[in-house]
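Letters A, B, ... are given to chains in the order of the sequence lines, protein chains preceding strands, and every chain is numbered from 1. Since this is a predicted model, take the numbers as computed values, not measurements.
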Amino acid sequence: MNGPETKVAPNFIRTIIAEDVKKGKNGGHVITRFPPEPNGYLHIGHAKSICLNFGLASEFGGQCNFRFDDTNPGKEEVEYVDSIMNDVRWLGFDWQERLYHASDYFERLYEWAVALIKSGKAYVDSLSAEQIREYRGTLTEPGKESPYRNRSVAENLELFERMRAGEYKDGEHVLRAKIDMGSPNLNLRDPVMYRIRHMAHWRTKDKWCIYPMYDYAHGQSDALEGITHSICTMEYEDHRALYDWFLDNIDVPSRPRQLEFARLNLAYTVMSKRKLLQLVKERFVAGWDDPRMPTLAGMRRRGYPPEAIRNFCERIGVGKRDSLVDYGLLEYSVREVLNLKAPRVMCVLRPLKVVIENYPEGQVEQLEAINNPEDASAGVRAVPFSKEIYIERDDFMENPPKHFFRLAPGREVRLRYAYFITCVDVVKNELGEVIELRCVYDPATRGGDSPDGRKVKATLHWVCASRAVEAQVRLYNTLLNRPDTSDETNGATFKDFINPNSLEVIADAKLEPSIARAPSGATYQFERLGYFCADPDSTSEKMVFNRTVTLRDTWAKVAKAEGVKKG
RNA sequence: UGGGGCGUCGCCAAGCGGUAAGGCACGGGUCUUUGGAAUCCGCAUUCGGAGGUUCGAAUCCUCCCGCCCCAGCCA
């Protein structure tokens with residue numbers, strides 16, 4: 001697929017793996033894994049990891065396993081399990097039969113813990129959680145050894161066995177690795193391997209009441225699956241010494257290597273599961289799949305194609321430094337895909353009635369419109385036209401500024417695929433607001449071309465008033481009103497910067513009749529406005545559309561630069 | 001003031017001792033029945049700073065500055 005000139009941009013992980021393969025390490029094989037914990041929905045940051053892991057595996061002719069990191073039953077739920085698998089498949093990746101769980105290895109991990117006890121490298125500690133924290137020391141002072149650190153192997157064995165048997169309450173004992181309480185790396189100060197949790201696990205049910213910690217479970221799970229490159233985010237860099245310590249002190253079947261990369265931060269949104277959960281629980285959004293959410297479920301409902309997300313993940317690259325990616329890059333990736341695929345259709349969001357005075361009363365004609373100028377195979381459709389139509393309020397200005405090309409008193413413009421019309425009169429209500437336009441059309445311009453070759457500076461979208469279908473349209477803006485809300489130094493939190501205008505609902509947009517019954521999820525370009533997709537909230541009475549992303553809007557840029565006001 | 005990372009264009013990001021890729025954004029042109037799309041052109045004498053090594057440094061050395069992560073029986 002990748003020809004010689006479509007070479008992908010190198011990154012340090014790709015480079016390391018290529019070197020390993022070249023040296024024949026791991027027999028030249030590459031096996032990666034995507035290891036989510038089922039404690040929340042997947043978001044665009046996970047997409048980066050998914051694309052990296054599955055992408056690298058396929059690039060090197062290897063495979064990527066799917067593994068639930070389910071070591072903490074207190075936080076994990078099956079609702080998340082289902083959504084996670086669904087989202088990875090939707091993104092376009094397939095783990096075939098290789099669906100694994102850290103909980104598949106509980107028995108093996110337990111045996112290895114026993115072996116570590118026998119070799120004097122692990123012990124049961126009976127300090128309380130607070131005491132363990134005190135004994136751990138601080139960033140600048142070394143820790144102290146627990147008084148239980150030198151229990152005999154026999155005693156440790158018995159205690160650990162009874163921990164498993166359920167003879168102790170939560171928190172009474174833990175199993176710790178015996179490493180070095182004076183290490184400058186806090187992860188090596190006798191890390192906890194097992195804690196007691198009398199709690200059912202979604203898979204193992206009541207079989208266990210002791211559960212392994214991430215640090216103890218992850219590397220060994222990797223080794224059992226023959227993972228060659230275990231790719232994780234930067235915050236685990238300090239854990240690598242521990243990851244390696246376990247692998248060095250346990251008789252594992254293979255030797256994986258941990259590599260760390262920087263997680264994705266996207267402007268105007270948040271990525272942490274904690275914050276996303278807060279948005280859902282505190283009703284700032286309608287749910288995990290709210291189209292404003294950076295979750296894959298939200299983006300799917302918003303209308304972002306999986307291909308666009310994959311392209312975005314390739315474009316942002318992979319590095320080790322903190323970054324904040326411009327939201328515009330994601331939007332560019334979305335438009336790029338949709339431009340080629342989305343059928344065009346006309347919809348008027350904020351209607352302004354236009355009466356064409358010289359058009360025959362009661363006549364309705366069908367005009368031919370191109371479905372997708374980027375794709376001839378998409379064909380054409382018929383759009384009804386008659387004496388009364390709606391145009392966009394923004395497409396008319398009574399006193400147009402210099403660079404406004406659209407309709408104005410006395411001005412002629414084109415109605416897309418229809419006729420040239422000239423505004424001859426403006427009807428206002430008692431408040432002085434424009435409520436209707438009176439225009440005349442030129443019958444010779446049918447279809448939108450003028451036989452005499454005269455030009456017009458603008459083409460407007462429109463909808464036939466008598467045949468229009470009303471639809472609800474939801475317009476989305478950024479969830480947060482500033483790009484970076486991570487600085488909480490003055491007691492501020494991201495919630496202080498939630499954009500109160502992130503959702504704008506248009507109750508009665510006028511839609512051309514051709515998509516009156518569009519299937520949920522179908523994406524269209526509403527000409528001159530943007531890409532929109534049918535929402536599952538649609539009913540047989542009323543369609544609901546989500547604005548996926550606007551089109552690039554040069555006029556908006558000009559208007560802003562010149563300080564043009566609406567109206 | 002311990003340890004681990006990181007500093008290349010407004011935002012990402014290549015580069016690994018031979019004289020600064022690419023994408024987005026931005027500015028301008030062409031074309032246009034979407035102010036869309038497409039297309040062309042422009043956009044870092046300089047790589048956090050200061051010294052040093054070298055014929056030659058973003059790349060090597062020294063010192064300095066800045067930012068991120070770590071004190072869960074979370075992952």
Checklist entry - Looking at A:P451 and A:A444, what are the two nearest heavy atoms and their distance? => result CD-O, 3.2 Å
Could I get the full list of ring-ring contact (aromatic ring centres under 6.0 Å, His included) partners for [X], not counting sequence neighbours?
| X | result |
| --- | --- |
| A:Y243 | none |
| A:H43 | A:H46 |
| A:F404 | A:W555 |

Taking [atom1] from [X] and [atom2] from [N], how many angstroms apart are they, rounded to a whole number?
| X | N | atom1 | atom2 | result |
| --- | --- | --- | --- | --- |
| A:L242 | B:C74 | CG | C1' | 15 Å |
| A:Q525 | B:G35 | CD | P | 10 Å |
| A:Y216 | B:C73 | OH | C1' | 16 Å |
| A:I13 | B:A13 | CD1 | C1' | 14 Å |
| A:F68 | B:C74 | CZ | P | 21 Å |
| A:F312 | B:C12 | CZ | P | 11 Å |
| A:H239 | B:C69 | NE2 | P | 13 Å |
| A:D484 | B:C67 | CG | C1' | 12 Å |

Next on the checklist: Using 30° and 60° as the class boundaries, would you call the ring planes of A:F68 and A:H101 parallel, tilted or perpendicular?
Outcome noted: parallel
Checklist entry - Under 30°, 30 to 60°, or over 60°: which ring-plane class applies to A:F526 and A:F545, parallel, tilted or perpendicular? => result perpendicular
Next on the checklist: Judged by each residue's nearest nucleotide on RNA chain B, which is more toward the 5′ side, A:R344 or A:N39?
Outcome noted: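 The 5'-side residue here is A:R344.
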Checklist outcome for this item: The answer to which of A:D170 and A:N187 contacts RNA chain B further toward the 5' end, by nearest nucleotide, is A:N187
Next on the checklist: For a quick check of understanding: with a heavy-atom distance under 4.0 Å over all strands, which category does A:V318 fall into, base, sugar-phosphate or nothing?
Outcome noted: sugar-phosphate
Item to check | Touch class at under 4.0 angstrom, heavy-atom based, for A:L139 against every strand present | outcome: base
Could you go through nucleotides 26-30 of chain B and list every protein N or O atom that sits under 3.5 Å from one of its N or O atoms, giving the distance for each pair?
unit_1	atom_1	unit_2	atom_2	d
B:C26	OP1	A:K557	NZ	3.1

Item to check | B:C24 to B:A20 separation - P atoms, rounded to the nearest Å | outcome: 23 Å
Item to check | Same-atom distance (C1') from B:C16 to B:A21, integer angstrom | outcome: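 The answer is 15 Å between these two C1' atoms.
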For [X], check salt bridge (Lys or Arg N to Asp or Glu O under 4.0 Å) against everything at least two apart and list the hits.
| X | answer |
| --- | --- |
| A:E562 | none |
| A:D395 | A:R406, A:R528 |
| A:E37 | none |
| A:K341 | A:E307 |

Pairing nucleotide - [N], Watson-Crick or G-U, each distance under 3.5 Å:
| N | answer |
| --- | --- |
| B:A38 | B:U30 |
| B:G72 | none |
| B:G10 | B:C24 |
| B:U59 | none |
| B:C16 | none |

Checklist entry - Are A:D125 and A:R176 close enough, and set up right, to give a salt bridge (charged side-chain N to carboxylate O under 4.0 Å, His left out), and what steps lead you there? => result CA-CA 7 Å; A:D125 196 358; A:R176 293 232 250 172; 3.0 Å; yes
Item to check | Quiz item: A:R406 side-chain donor-acceptor pair to B:G35 base, under 3.5 Å | outcome: yes
Checklist entry - Looking at RNA chain B, which of residues 259-266 of chain A put a heavy atom within less than 4.0 Å of it? => result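 Residues of residues 259-266 of chain A that come under 4.0 Å of RNA chain B do not exist, since none gets that close.
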Checklist outcome for this item: Per-nt protein contacts along nucleotides 3-8 of chain B (heavy atom under 4.0 Å; B base, S backbone sugar-phosphate only, - none) come out as BSSSSB
Heavy atoms from C-beta onward define the side chain here; which of [options] lies closest to that of [X]?
| X | options | result |
| --- | --- | --- |
| A:F405 | B:G35, B:U34, B:A37 | B:G35 |
| A:T140 | B:C74, B:A71, B:G2 | B:G2 |
| A:E37 | B:C73, B:C74, B:G36 | B:C74 |
| A:Y214 | B:A75, B:A37, B:C70 | B:A75 |
| A:V325 | B:A75, B:C12, B:U1 | B:C12 |

Between [N] and [X], is there an OP1 or OP2 to side-chain N/O distance shorter than 4.0 Å?
| X | N | value |
| --- | --- | --- |
| A:R195 | B:C74 | yes |
| A:R136 | B:C73 | yes |
| A:T459 | B:U32 | no |
| A:R528 | B:G35 | yes |

Next on the checklist: With a 6.0 Å cut-off on the ring centroids, do A:Y419 and A:Y441 count as close?
Outcome noted: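 Judged by ring-centre distance (under 6.0 Å), A:Y419 and A:Y441 do meet the cut-off.
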Checklist entry - So, A:Y216 versus A:Y211, ring centres under 6.0 angstrom or not? => result no
Salt bridge check, [Y] against [X]: does any charged N sit closer than 4.0 Å to a carboxylate O?
| X | Y | result |
| --- | --- | --- |
| A:E412 | A:R454 | yes |
| A:E314 | A:R14 | yes |
| A:R67 | A:D222 | yes |

Checklist entry - Can you check B:G49 for me, syn or anti if syn means within 90° of 0? => result anti
Next on the checklist: Do A:E336 and A:S333 pair up side chain to side chain, a donor and an acceptor below 3.5 Å, judged on atom types alone?
Outcome noted: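 Absent: no donor and acceptor within the cut-off.
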Show the distances under 3.5 angstrom between N or O atoms of the protein and N or O atoms of nucleotides 41-44 of chain B.
none

Next on the checklist: Under 6.0 Å from the ring centre and within 45 degrees of the ring axis: does the NZ or CZ of A:R164 meet both conditions for the six-membered ring of A:W208?
Outcome noted: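 Yes, a cation-pi geometry.
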Checklist entry - Do A:T71 and A:H218 pass the side chain to side chain contact (heavy atoms under 4.5 Å, CB included) test, and can you show the C-alpha distance, the side-chain angles, and the key distance before you say yes or no? => result CA-CA 9 Å; A:T71 56; A:H218 205 88; over 6 Å; no
What's touching nucleotides 16-24 of chain B from the protein side, N or O pairs under 3.5 Å?
unit_1	atom_1	unit_2	atom_2	d
B:C24	OP1	A:Y332	OH	2.9

